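Have a look at the structure below, then the notes.
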Amino acid sequence: MTHHDDLRSDSLPAAVRGFLTAHVVRDADTASSFFAEDAVAVDQGESFRGREQIHTFLRDAGSEFEYTTERLGAARVDDDHWVVTLRLAGTFPGGVAELDYRFTIRADVITELVIANHGS
């Protein structure tokens, strides 16, 4: 289990920082540009393969809801793996969700992103 700490944003890999900055403002074009062409994203068990599918997922996911995003913590697992925990609060069912964004980075791009409920 990864522990979460107060890792500063500038300690995260550039691809993770860039993705999060774009993702929070719902800029799917920029957010998807930080992924490798053959990357995989998994959200709540559903997989999206390749930059094009990931772009569509990022563009459409949650688009019917209004929500805010707050970073709760971040941790380095090893050189290639990082976890950022975000709290989303908004008009979606349940109103609040704490999610772990688990990144795999290779050659300065995101090769895998797994989004899951915090602590699962």
Side-chain angles (χ1 to χ4, degrees):
M1 179 59 109
T2 303
H3 74 282
H4 294 277
D5 56 30
D6 291 329
L7 233 142
R8 293 169 26 146
S9 289
D10 61 3
S11 298
L12 294 169
V16 173
R17 287 194 318 267
F19 166 80
L20 290 171
T21 298
H23 184 56
V24 166
V25 297
R26 301 182 189 188
D27 179 354
D29 292 340
T30 301
S32 61
S33 74
F34 293 99
F35 285 84
E37 284 294 332
D38 60 347
V40 175
V42 179
D43 181 36
Q44 307 298 321
E46 186 175 356
S47 295
F48 306 90
R49 299 189 178 282
R51 192 182 289 160
E52 188 174 321
Q53 280 190 11
I54 291 170
H55 175 271
T56 301
F57 156 66
L58 293 173
R59 182 191 68 211
D60 297 344
S63 61
E64 67 272 28
F65 304 113
E66 303 256 337
Y67 59 90
T68 60
T69 305
E70 173 189 3
R71 192 182 107 176
L72 298 180
R76 175 186 173 274
V77 178
D78 58 36
D79 287 344
D80 296 332
H81 299 92
W82 301 76
V83 179
V84 177
T85 303
L86 301 177
R87 175 182 291 137
L88 281 61
T91 60
F92 53 86
V96 176
E98 291 186 3
L99 302 174
D100 287 336
Y101 283 60
R102 299 176 187 139
F103 295 91
T104 302
I105 306 292
R106 293 215 174 79
D108 300 322
V109 294
I110 300 166
T111 58
E112 183 179 61
L113 169 61
V114 177
I115 302 170
N117 290 327
H118 177 60
S120 64

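FYI, the numbering just counts along the sequence from 1. Quick caveat: nothing in here was measured; it's all calculated off a predicted structure.
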Side-chain heavy atoms of [X] within contact of [Y], under 4.5 Å:
| X | Y | value |
| --- | --- | --- |
| V114 | V40 | no |
| I105 | T111 | no |
| R49 | I54 | no |
| V42 | I115 | no |
| V84 | F103 | yes |
| L113 | F19 | yes |

Using the salt bridge (charged side-chain N to carboxylate O under 4.0 Å, His left out) rule, collect all pairs that involve residues 54-64, keeping only residues at least two apart or in two chains.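 Output for this query is empty, none listed.
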Keeping to residues at least two apart or across chains, list the salt bridge (charged side-chain N to carboxylate O under 4.0 Å, His left out) pairs with something in residues 39-48.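 Those involving residues 39-48 do not exist here.
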CG on L86 to OG1 on T69, rounded to 0.5 Å: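 One finds 6.5 Å between OG1 of T69 and CG of L86.
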Give, for atom CG of D100 and atom NE2 of H118, the distance between the pair rounded to the nearest 0.5 Å.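 Result: 5.5 Å between the selected atoms.
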Just by distance, do the side chain of R102 and the backbone of V83 share a donor-acceptor pair under 3.5 Å?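 Checked: no pair found.
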Going by atom type alone, with no hydrogens or angles, which donor-acceptor pairs under 3.5 Å involve a side-chain atom of residues 22-37 and a protein atom two or more places apart or on another chain?
unit_1: H23; atom_1: NE2; unit_2: Y101; atom_2: OH; d: 3.2
unit_1: R26; atom_1: NH1; unit_2: F65; atom_2: O; d: 3.2
unit_1: R26; atom_1: NH2; unit_2: F65; atom_2: O; d: 3.4
unit_1: D27; atom_1: OD1; unit_2: D29; atom_2: N; d: 3.4
unit_1: D27; atom_1: OD1; unit_2: T30; atom_2: N; d: 3.1
unit_1: D27; atom_1: OD1; unit_2: T30; atom_2: OG1; d: 3.4
unit_1: D27; atom_1: OD2; unit_2: T30; atom_2: OG1; d: 2.7
unit_1: D29; atom_1: OD1; unit_2: H55; atom_2: NE2; d: 2.6
unit_1: S32; atom_1: OG; unit_2: A28; atom_2: O; d: 2.8
unit_1: S32; atom_1: OG; unit_2: D29; atom_2: O; d: 3.2
unit_1: S33; atom_1: OG; unit_2: T30; atom_2: O; d: 2.6
unit_1: E37; atom_1: OE2; unit_2: R51; atom_2: NH1; d: 2.7

Distance alone, cut at 3.5 Å: any donor-acceptor contact between the side chains of T104 and D80?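 Not at all, the side chains of T104 and D80 share no donor-acceptor pair under 3.5 Å.
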For E52, look at atom CD and say whether over 12 heavy atoms of other residues, nucleotides or ligands are found less than 6.0 Å away.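 Check fails, neighbour count at 12 or below.
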Using a 4.5 Å cut-off between side-chain heavy atoms of Ile, Leu, Val, Met, Phe, Trp and Tyr, which other residues end up in the same hydrophobic cluster as V109?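 Members alongside V109: none; it stands by itself.
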Show the atom names and distances, to 0.1 Å, of all donor-acceptor pairs under 3.5 Å that link a side chain in residues 90-97 to residues at least two apart or in another chain.
unit_1: T91; atom_1: OG1; unit_2: E66; atom_2: N; d: 2.9
unit_1: T91; atom_1: OG1; unit_2: E66; atom_2: O; d: 3.3

Heavy-atom closest pair, residues W82 and R76: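 In this case the closest contact between W82 and R76 is CZ3-CB, 3.3 Å.
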Among all residues two or more places apart in sequence or in another chain, which pass the salt bridge (charged side-chain N to carboxylate O under 4.0 Å, His left out) test with R87?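 Salt bridge (charged side-chain N to carboxylate O under 4.0 Å, His left out) check on R87 returns E70, E98.
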